[in-house]
Amino acid sequence: MLFSGAIFLFFFMPLFFGGYYLLPPKFRNAFALLASLIFYSWGAPTFVFVVVLSALADYYLAKSGINNPSKNKLIYLGVALN
C-alpha cells in the first residue's frame, strides 16, 4: 500500500483517523500501533517483526532511561538502533 494509492487515501486513512478520534485518549496510542502494524503487514508482512522489535527496544530503552542520569546515551542508542 502506497501513501499516494487510492486504497490508502480513501480506505485506510479515513478509517484510521475516524477510529483514532472516536477512541478515548488512553487507547489512541495502542490503536495507532495496531494500525501501523496493519499498514506495514499490508505492504511487506515479512518485515513486521522489525517494527515490533524496534518498538520494544525503544520502549525498554526509554523505560530504563527514566531513573538513569545518562539517559542521553540511551536516546542515542535508540536512534542508532532504529
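Basis for what follows: all heavy atoms, side chains included, without hydrogens, waters or symmetry-related copies.
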For this session: List in chain and number order the residues that pass ring-ring contact (aromatic ring centres under 6.0 Å, His included) with Phe17, two or more places apart in sequence or in another chain; answer none if no residue qualifies.
Result: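 Listed in chain order: nothing, the list is empty.
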* Parallel, tilted or perpendicular: rings of Phe16 and Phe31 (30°, 60°) ->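 Phe31 and Phe16: parallel rings.
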Distance col, row Lys63:NZ vs Asp58:CG, nearest 0.5 angstrom, shows 14.5 Å
Exercise. How many angstroms lie between OH in Tyr40 and OG1 in Thr46, if you round to the nearest 0.5 Å?
Worked result: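 One finds 13.0 Å between OH of Tyr40 and OG1 of Thr46.
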Can you list, by chain and residue number, the hydrophobic cluster partners of Leu53 when the side-chain cut-off is 4.5 Å?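 Once heavy-atom contacts under 4.5 Å are chained together, Leu53 belongs with Phe47, Phe49, Val50.
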Are Leu22 and Leu34 connected in a single hydrophobic cluster, I mean Ile/Leu/Val/Met/Phe/Trp/Tyr linked by side-chain heavy atoms less than 4.5 Å apart?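 No, because Leu34 and Leu22 fall into different hydrophobic clusters, even though each may have its own neighbours under 4.5 Å.
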